[in-house]
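Residue numbers begin at 1 in each chain, while the letters A, B, ... track the order of the sequences.
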Amino acid sequence: MTVITRFAPSPTGLLHLGNIRTALINWLYARTHNGKFILRIDDTDQERSKDEYISKIKYDLEWLGIDYDDTFNQSSRFERYREQFEKLKADGRIYPCYETPEELERKRKLQMASGGKQVYDRTSLSLTDEEKRGYEDDGRKPHWRFLLQTERLKWNDLLKGELDIDLTSLSDPVLFREDGVPLYTFSSAVDDIDYNITNVIRGDDHTSNTAVQIEIINAIDKNRITFAHHALLKASSGDKLSKRDNVISIDSFRKSNLEPLAILSLLATIGTSQSIELKDSLNQIISEFKLETISTSPGRIEIDVLNALNKKQVQKLNFDDVSERLKNIDEKIDEKFWNTIRSNLETVEGVKQWSDIVFDSKLIEAEDKEYIKSAMELIPDDPWDENTWELWTTAIKEKTGRKGKELFLPLREAFTGMSHGPEMKLLIQLIGREKILERVKT
RNA sequence: GGUCCCUUCGUCUAGCGGUUAGGAUAUCUGGUUUUCAUCCAGAAGAUCACGGGUUCGAAUCCCGUAGGGACCGCCA
């Protein structure tokens with residue numbers, strides 16, 4: 001049997017670290033089992049779903065390198081949901097309810113106040129035909145609930161082990177809204193059956209929902225899906241991750257120039273027993289993936305770790321990997337330039353600062369004017385090579401008697417305006433004799 | 001309030017009855033680089049949430065307590 005997994009985001013916001021981790025895990029599970037990975041857009045709620053988010057979700061996945069074998073929108077399957085709805089209705093598994101949202105809300109408050117179970121009381125289940133007709137005549141349209149019959153539902157969760165949920169503690173789920181729109185609990189079950197999903201791997205927030213869905217799936221067909229629930233990720237503050245928290249959206253990471261591989265390396269290893277480290281490639285991530293290593297306790301994301309991974313990745317990138325991007329930053333950046341600068345970068349785009357320093361000819365005010373002046377009297381003639389810096393500084397050393405920091409730091413500052421940076425013997429070759437002379441003119 | 005889950009160095013975790021409680025990352029120190037980064041070497045860092053029980057022996061098994069998380073929607 002071919003393994004088929006899916007990622008089913010609702011297009012109501014941007015993808016963030018939490019969502020994308022679930023996507024990555026499902027993708028990796030499919031890829032490591034020679035299976036298929038499906039992207040399903042859960043857009044049954046047409047009011048909250050936006051096309052803008054659908055394209056952003058797809059773009060984020062593409063940017064990260066998470067590809068899918070098939071994709072579809074739930075909004076294209078309303079007919080199918082209706083069909084299954086009629087079947088459940090005929091089987092007597094769903095029943096019409098006439099409470100308004102306000103009435104339900106009032107009931108919940110009452111239940112909370114009395115300390116009782118906050119579960120739907122099934123009032124509408126015992127409505128007579130006459131009463132129902134009465135509501136209809138009043139202009140009320142029913143929403144439909146699924147009648148839960150199992151008391152305890154057990155399954156063997158691939159991550160959490162044997163689970164045993166008390167379904168009497170849960171309300172009969174609403175499957176269809178008053179306006180005829182199917183709800184997630186139902187449409188997802190129907191799709192998982194129709195698309196032969198073999199493994200559903202999702203966040204812990206779905207655990208009790210899974211109990212309900214298994215019973216629904218069994219009412220339609222017979223459950224063949226293996227479920228797995230991983231712990232959720234928390235923000236470094238300890239708070240839960242939110243779709244509205246743009247700081248951790250993939251979109252914002254891309255805008256702050258983080259590398260996809262750094263993000264994927266973090267997500268593939270955080271909350272697992274594997275070492276958090278930069279991976280060489282998506283293929284390496286695939287080959288090292290093991291579902292069992294994912295923890296069942298919630299872990300937090302430290303953004304500093306992501307930045308550190310990104311830095312490592314930038315320093316590993318070859319000129320060919322980034323030449324297109326560099327062209328957009330500054331045409332003059334060549335391979336030699338990149339190789340000199342990259343070890344001092346946090347992001348690829350950070351190269352801009354150094355191309356400004358190397359190619360611009362702004363005047364730099366030296367602090368140690370006398371010293372710089374005598375150093376400039378010794379400036380070697382062209383052409384400059386690997387040895388130029390050492391020859392020059394040796395000469396300066398002899399003349400001034402300075403050594404160590406005293407010797408080189410004023411020079412670095414006078415030539416670059418920075419107190420740190422790439423090796424001077426390389427950097428001065430990039431800047432060149434002419435520009436240095438121009439720059440320190442006193 | 002109910003249901004389900006979780007709790008080991010700052011952080012992510014290994015551990016399945018006998019370990020000096022291991023690793024990764026972060027931190028600190030030394031070396032390399034005449035700076036920074038990189039790299040190398042080393043150090044420090046965990047009364048295994050707490051209490052009780054079982055046992056010759058518990059991080060590990062059992063019970064309780066505390067803390068944390070998720071869900072309890074005509075959202076997904």
Sequence neighbours left out, what passes salt bridge (charged side-chain N to carboxylate O under 4.0 Å, His left out) with [X]? Give chain and number order.
{"X": "A:K290", "value": "none"}
{"X": "A:K316", "value": "A:D280"}
{"X": "A:D43", "value": "none"}

side-chain hydrogen bond (donor to acceptor under 3.5 Å, both in side chains) against [X], all qualifying residues, sequence neighbours excluded:
{"X": "A:D121", "value": "A:K107, A:T123"}
{"X": "A:R145", "value": "none"}
{"X": "A:T5", "value": "none"}
{"X": "A:N344", "value": "none"}

Q. Any idea which heavy atoms bring A:L88 and A:A219 closest together, and the distance?
A.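 Nearest pair, atom of A:L88 first, then A:A219: CD2-CB, 3.9 Å.
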Please determine, for [N], whether a Watson-Crick or G-U wobble partner exists with both distances under 3.5 Å, and give it or none.
{"N": "B:rC75", "result": "none"}
{"N": "B:rU55", "result": "none"}
{"N": "B:rA41", "result": "B:rU29"}
{"N": "B:rU7", "result": "B:rA66"}

Q: Choose from B:rA70, B:rC74, B:rG2 the nucleotide whose nearest atom is closest to any side-chain atom of A:R145.
A: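 Comparing B:rA70, B:rC74, B:rG2 against the side chain of A:R145, the answer is B:rC74.
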(Q) Can you pull out the residues from residues 256-268 of chain A that lie within a 4.0 Å heavy-atom distance of RNA chain B? (A)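 None - not one residue of the stretch has a heavy atom sitting under 4.0 Å from the strand.
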Q. Looking at residues 72-83 of chain A, who's got a heavy atom less than 4.0 Å off RNA chain B?
A.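 The answer is none.
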Q.
Can you confirm whether or not the ring centre of A:F37 sits under 6.0 Å from the ring centre of A:Y29?
A.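 That pair fails the under 6.0 Å test.
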Q.
Please report whether the ring centroid of A:Y95 lies less than 6.0 Å from that of A:W144.
A.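 Distance test on ring centres: not under 6.0 Å, no.
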Q) Are A:T269 and A:E277 close enough, and set up right, to give a side chain to side chain donor-acceptor pair (under 3.5 Å), and what steps lead you there? A) CA-CA 8 Å; A:T269 53; A:E277 59 182 15; over 6 Å; no
Q | Integer-rounded Å distance: B:rC71 C1' and A:K117 NZ | A |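 Rounded to whole Å, this separation is 15 Å.
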**Q.** Length of the CD-C1' vector between A:E151 and B:rU3, whole Å
**A.**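 Checked: the CD to C1' distance equals 14 Å.
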(Q) Within the 4.0 Å limit for protein heavy atoms, which parts of nucleotides 34-44 of chain B are touched? Write it as a string from 5' to 3', B for base, S for sugar-phosphate only, - for none. (A) BBBS-------
Q) With the sugar-phosphate defined as primed atoms, P, OP1 and OP2, and the base as all remaining atoms, what B/S/- string results for nucleotides 4-12 of chain B, 5' to 3', for protein heavy atoms under 4.0 Å? A) SSS----SS
Q | Distance-only donor-acceptor check, side chains A:H230 and A:T296, under 3.5 Å | A |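 No pair is found: no donor N or O on one side chain lies under 3.5 Å from an acceptor on the other.
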Q) Between A:D204 and A:T207, do the side chains contain an N or O donor and an N or O acceptor separated by less than 3.5 Å? A)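 Judged by distance alone, the side chains do pair up.
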Q. Quick one: the side chain of A:Q118 and the base of B:rG1, do they pair up donor-acceptor inside 3.5 Å?
A.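 By the distance-only test, yes, there is a pair.
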Q: For A:E99, report the nucleic acid contact type (base, sugar-phosphate, nothing); a contact means any heavy atom under 4.0 Å.
A: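 If one applies the 4.0 Å heavy-atom cut-off, A:E99 turns out to touch a base.
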Q: Using a 4.0 Å heavy-atom cut-off across all strands, classify A:H229 as base, sugar-phosphate, or nothing.
A: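 It contacts nothing in the nucleic acid.
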Q. Is the phosphate of B:rC72, meaning OP1 or OP2, less than 4.0 Å from a side-chain N or O of A:R108?
A.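 No, no such contact exists.
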Q) Below 4.0 angstrom from OP1 or OP2 of B:rA76, is there any side-chain N or O of A:R48? A)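 Answer no for this pair, as no side-chain N or O of A:R48 is under 4.0 Å from OP1 or OP2.
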(Q) Say we look at B:rU33 and B:rA46: how far apart would their C1' atoms be, to the nearest angstrom? (A)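 My reading of the C1' atoms in B:rU33 and B:rA46 gives 36 Å.
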Q) How would you list, by chain and number, every residue that makes a ring-ring contact (aromatic ring centres under 6.0 Å, His included) with A:Y68, sequence neighbours excluded? A)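 Partners of A:Y68 under the ring-ring contact (aromatic ring centres under 6.0 Å, His included) test: none.
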